[in-house]
There are 2 protein chains.
Amino acid sequence: MASESRDSISSEELVVWRMLQRAQVRITRLLEADLLVEHDLALASYDVLMQLSESPDRRLRMNDLAERVLLSRSGLTRLIDRLQRDGLVEREACASDARGLFAVLTDAGALRLAEATPTYLRGIRAQFLDVLDATELRQCAAMLNKLFPASDT
Amino acid sequence: MASESRDSISSEELVVWRMLQRAQVRITRLLEADLLVEHDLALASYDVLMQLSESPDRRLRMNDLAERVLLSRSGLTRLIDRLQRDGLVEREACASDARGLFAVLTDAGALRLAEATPTYLRGIRAQFLDVLDATELRQCAAMLNKLFPASDT
DNA sequence: CTTAGAACGTTGCACGCGCATCTACATAGC
DNA sequence: GCTATGTAGATGCGCGTGCAACGTTCTAAG
């Protein structure tokens, strides 16, 4: 009953995989909907603001930021365009590398992030964290550590 | 050390949530890339073919299908357009409800699904199932059952 | 110094998706 | 029968994204 997953997949395993897909989509959509309704902020935008706020001097190179928010470079370019248009982020040249640009969180951006954060936290608690108990959360963390080895891109 | 998640979220919890996001995106992208490269089939298309193949008479009402593959009605309309253009699926009128349409898997669609399935299974094994042991898989299933109560939309 | 290659960010383009709207049909109330 | 409300799919439109290509700048080799 131990090893049989070489050439095929049991239907239970398949079910687990599908549930994972559904759960992730469901959580993400509800979270994004809340952010959009209450703060007119897409989830990707929130992620950008959050990453910047946690970075030294509230700034990050475009490239690094793209990796952190799981976006392609071009995708991030457009997203920063929008956030800059809304005054939440600014672009700043990089002294040490003339090719590089920093995306910098503005005060308005920090404020917007602070406003939206309760909604964000409430969402992931309601949809995810509060549903699991402490033990499950630990198990979950352990699994994710295996699924997401340090050598990620 | 048990209950403190009411008004804020510990950073460990936040980390778990972010890892979940990253893991899901990573798995999905690798899987989709494989399907695209080896079979010119998007993940959403594969899901449609799979759902149809598991349904009685290889057919499903557009509405039901949309829910199962987590797509809006309009999204599914276009997706079925494409699959129909490629001969993998056909539309058929519904006798009991003149408004309704069935999406029906064609033989070509079934063949294409069969060809792509090894890639699909290999992907979710490599990215997900094989990374976890039997115990973890059971824990994972238990958590997902809590995250995804039967009363989903 | 010069040249070849790589890296950073932006842009043109096409694609896939959701929302709002529309038409056709169904169902309930009168 | 007729009308009102609801449902199934399709369509117009706009948005966000990735890929390929481009210009600019950095780095390494000669």
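Hydrogens, waters and symmetry mates play no part in the numbers below; they use all other heavy atoms, side chains included. Naming convention: chains lettered A, B, ... in sequence-line order (proteins, then strands); numbering from 1 in each chain.
Residue pairs meeting the ring-ring contact (aromatic ring centres under 6.0 Å, His included) criterion with at least one member in residues 31-89 of chain A, sequence neighbours excluded: A:Tyr46-A:Tyr120. Among residue pairs with one or both ends in residues 40-54 of chain B, those qualifying as salt bridge (charged side-chain N to carboxylate O under 4.0 Å, His left out) are A:Arg18-B:Glu54; sequence neighbours excluded. Residue pairs meeting the ring-ring contact (aromatic ring centres under 6.0 Å, His included) criterion with at least one partner in residues 49-89 of chain B, sequence neighbours excluded, are absent. Within the structure, every pair that satisfies the salt bridge (charged side-chain N to carboxylate O under 4.0 Å, His left out) test and touches residues 107-120 of chain A, not counting sequence neighbours, is listed here: A:Arg58-A:Asp107.
Every residue two or more places apart in sequence or in another chain was checked for a side chain to side chain donor-acceptor pair (under 3.5 Å) with B:Glu32, and none qualifies. With sequence neighbours excluded, no residue forms a side chain to side chain donor-acceptor pair (under 3.5 Å) with A:Thr106. In this structure A:Met62 satisfies the side chain to side chain contact (heavy atoms under 4.5 Å, CB included) test together with A:Leu76, A:Thr77, A:Ile80, A:Arg91, A:Leu101, A:Ala103, sequence neighbours excluded.
A heavy-atom distance below 4.0 Å to DNA chain C is reached by these residues of residues 44-53 of chain B, ordered by number: B:Ala44. In the region residues 27-41 of chain B, proximity to DNA chain C at under 4.0 angstrom, judged on heavy atoms, holds for none of the residues.
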Query - Contact state string [nucleotides 21-27 of chain C, B base, S sugar-phosphate only, - no protein heavy atom under 4.0 Å] - result: ---BBS-

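Membership of the apolar cluster around B:Val104 extends to B:Phe102, as traced through chained side-chain contacts below 4.5 Å between ILVMFWY residues.
Counting 5' to 3', DNA chain D first comes under 4.0 angstrom of a heavy atom of chain A and last does so at the ends given by D:dG16 to D:dC26.
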